[in-house]
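Lettering of chains follows the sequences in order, A, B, ..., and the numbering in each one begins at 1.
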2 protein chains.
Amino acid sequence: MRERDEAGGGLGRGLLPRLLGYHLRRAQVAVFKHFAASVGAEENITPGLFGMLVMIAENPGLSQSRLAEAMEVDRSTIVTAIDQLEARDLAVRGRSPTDRRSYCLALTDNGRRALRRMREAVLRHEEEFAAHLSPSEREELIRLVVKLYAGRDRP
Amino acid sequence: MRERDEAGGGLGRGLLPRLLGYHLRRAQVAVFKHFAASVGAEENITPGLFGMLVMIAENPGLSQSRLAEAMEVDRSTIVTAIDQLEARDLAVRGRSPTDRRSYCLALTDNGRRALRRMREAVLRHEEEFAAHLSPSEREELIRLVVKLYAGRDRP
DNA sequence: TATTGTTATACTCTATAACTATA
DNA sequence: TATAGTTATAGAGTATAACAATA
């Protein structure tokens, strides 16, 4: 971060600064870059894969289709993601006892240990990235963003 | 929008809801989808190309390299974008009188007319998408997002 | 009939590196 | 030497459509 607004570069931006999408996009790019440089560099993980690990850890026996819904992506997109997590011994496709079409996703022991480390790295990243905001500003920002995209008051 | 949080789907999300990046990502995806369904459907334009049109309109004689810096992308990424705008008769690569290496980007007459229409569509899209937020909440949200990614107080 | 996971495929966005023509 | 624009290429990330196995 350089100036008041490094992407402005002294140039006029017209109505762009009045658009939520413009700022949300820039903030999202910035936070993903920070994630890549901190968490990603330490633990070799992306925000998307980290999110999947958390969802699997929090929802034992989750199927790929349910995970796809939760991540708001197509089922086919999940396949290669789980392939990667399995190849790295972070998660496994367990067979469902009741439905032979679907898998019960689970973390491996190694995956659980890795996730514990990742969580700490992610929280450090969050502290660093949000350092300019007070705790109440952070809360308020999350409240407003959630209200914006979910159309409701609270996460 | 369905529930308090449609991507939750009743599933546990662990620490994800405490992460700014998680919400910024979801909000950004949602606003781009809304843009595509409203402005994109009406005017056949993406947020990125719209942003470029605005920057060219606001900064007459802008070069591709300066535009790339403003958009925070590589110079090579700009090439095909300008190709598209030229192919659609929205912008032109004018020759610089002082530097024969660089172009002076400008809107065509058609581009200016199109941009006027697009601006209105974008503002309608903004009103719809941010309908759940009061004017002061919108202002506060922008203030906080900018403070987050620019590390300062004001856009 | 509908669902789960999979494959093949394609499209978009983006970056890197090497090139040319200028400066 | 350095910069502006270009090209070729590659890598994410994503979606669609069709398929086999199963419900």
**Q** Send over the distance from Met71(B) CE to dA15(C) C1', rounded to a whole Å.
**A** 16 Å
**Q** Can you tell me if the side-chain N/O atoms of Arg93(A) get under 4.0 Å from OP1 or OP2 in dT4(C)?
**A** no
**Q** Whole angstrom is fine here: how far is it from CZ in Phe32(A) over to C1' in dA15(C)?
**A** 18 Å
**Q** Is any side-chain heavy atom of Phe50(A) less than 4.5 Å from a side-chain heavy atom of Leu16(B)?
**A** yes
**Q** Between Val73(A) and Ile82(B), name the one whose nearest nucleotide on DNA chain D is closer to the 5' end.
**A**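 Closest to the 5' end, via its nearest nucleotide, is Ile82(B).
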**Q** Pick the closest DNA chain D nucleotide for Gln64(B) and for Ser76(A) by heavy atoms, then say which residue is nearer the 5' end.
**A** Gln64(B)
**Q** To the nearest 0.5 Å, what is the distance between OG on Ser102(B) and CG on Leu62(B)?
**A**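 Answer rounded to 0.5 Å: 10.0 Å.
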**Q** Could you tell me how far apart Glu69(A) (CD) and dT3(C) (P) are, to the nearest whole angstrom?
**A**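 Between P of dT3(C) and CD of Glu69(A): 11 Å.
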**Q** Is Glu127(A) salt-bridged to Arg138(A), going by a charged N under 4.0 Å from an acidic O?
**A**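 The answer is yes: the pair qualifies as a salt bridge.
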**Q** Taking atom types as modelled, is there a side-chain donor on Thr108(A) or Asn110(A) under 3.5 Å from an acceptor on the other?
**A**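 Thr108(A) vs Asn110(A): no donor-acceptor pair found between side chains.
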**Q** Which is more 5' along DNA chain C, the nucleotide nearest Asp74(A) or the one nearest Arg101(A)? Just name the residue.
**A** Arg101(A)
**Q** Give one of base, sugar-phosphate or nothing for Ser63(A), where a contact means two heavy atoms less than 4.0 Å apart.
**A**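 Sugar-phosphate: the residue Ser63(A), judged by heavy atoms under 4.0 Å, touches backbone atoms but no base.
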**Q** Would you mind checking if Glu139(B) and Arg18(A) are paired as a salt bridge, meaning a charged N to carboxylate O distance below 4.0 Å?
**A** no
**Q** Once you apply a heavy-atom cut-off of 4.0 Å, does Val79(A) come out as touching a base, just sugar-phosphate, or nothing?
**A** base
**Q** Going by salt bridge (Lys or Arg N to Asp or Glu O under 4.0 Å), Glu43(B) matches just one of Arg113(B), Arg124(B), Arg119(B), Arg117(B). Which one?
**A**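 Result for salt bridge (Lys or Arg N to Asp or Glu O under 4.0 Å) with Glu43(B): Arg117(B).
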**Q** Donor-acceptor pairs are to be reported for all side-chain atoms of residues 27-36 of chain A against protein atoms at under 3.5 Å, with residues two or more places apart or in another chain.
**A**
unit_1	atom_1	unit_2	atom_2	d
His34(A)	ND1	His125(A)	ND1	2.8
His34(A)	NE2	Glu128(A)	OE1	3.3

**Q** Just report the end-to-end axis angle for the helix from dT1(C)-dA23(D) to dA23(C)-dT1(D), five pairs per end, to 10 degrees.
**A**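 Rounded value for the end-axis angle: 0°.
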**Q** To the closest 0.5 Å, what do you measure between CE (Met52(B)) and CD1 (Ile82(B))?
**A** 6.5 Å
**Q** Output the rounded distance in Å from CD (Gln84(A)) to C1' (dT6(C)).
**A**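 Taking CD of Gln84(A) and C1' of dT6(C), I get 16 Å after rounding.
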**Q** So, under a plain 3.5 Å distance rule, would you say the side chain of Ser102(B) forms a donor-acceptor pair with the base of dT22(C)?
**A** no
**Q** Rounded to whole Å, how long is the line connecting atom CD1 of Ile78(A) with atom C1' of dT6(C)?
**A** 13 Å
**Q** Less than 3.5 Å apart, any donor N or O on the side chain of Ser134(A) or Ser136(A) sitting next to an acceptor on the other?
**A**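 Side chains of Ser134(A) and Ser136(A): pair found under 3.5 Å.
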**Q** Under 4.0 Å between any heavy atoms, over every strand shown, what does Arg100(A) touch: base, sugar-phosphate, or nothing? Just pick one.
**A** sugar-phosphate
**Q** Would you mind classifying the nucleic acid contact of Arg95(A) as base, sugar-phosphate or nothing, using non-hydrogen atoms under 4.0 angstrom?
**A**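 Result for Arg95(A) = nothing.
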**Q** Of all nucleotides in DNA chain D that come within under 4.0 Å of a heavy atom of chain B, which is furthest toward the 5' end and which toward the 3' end?
**A** dA2(D) to dT14(D)
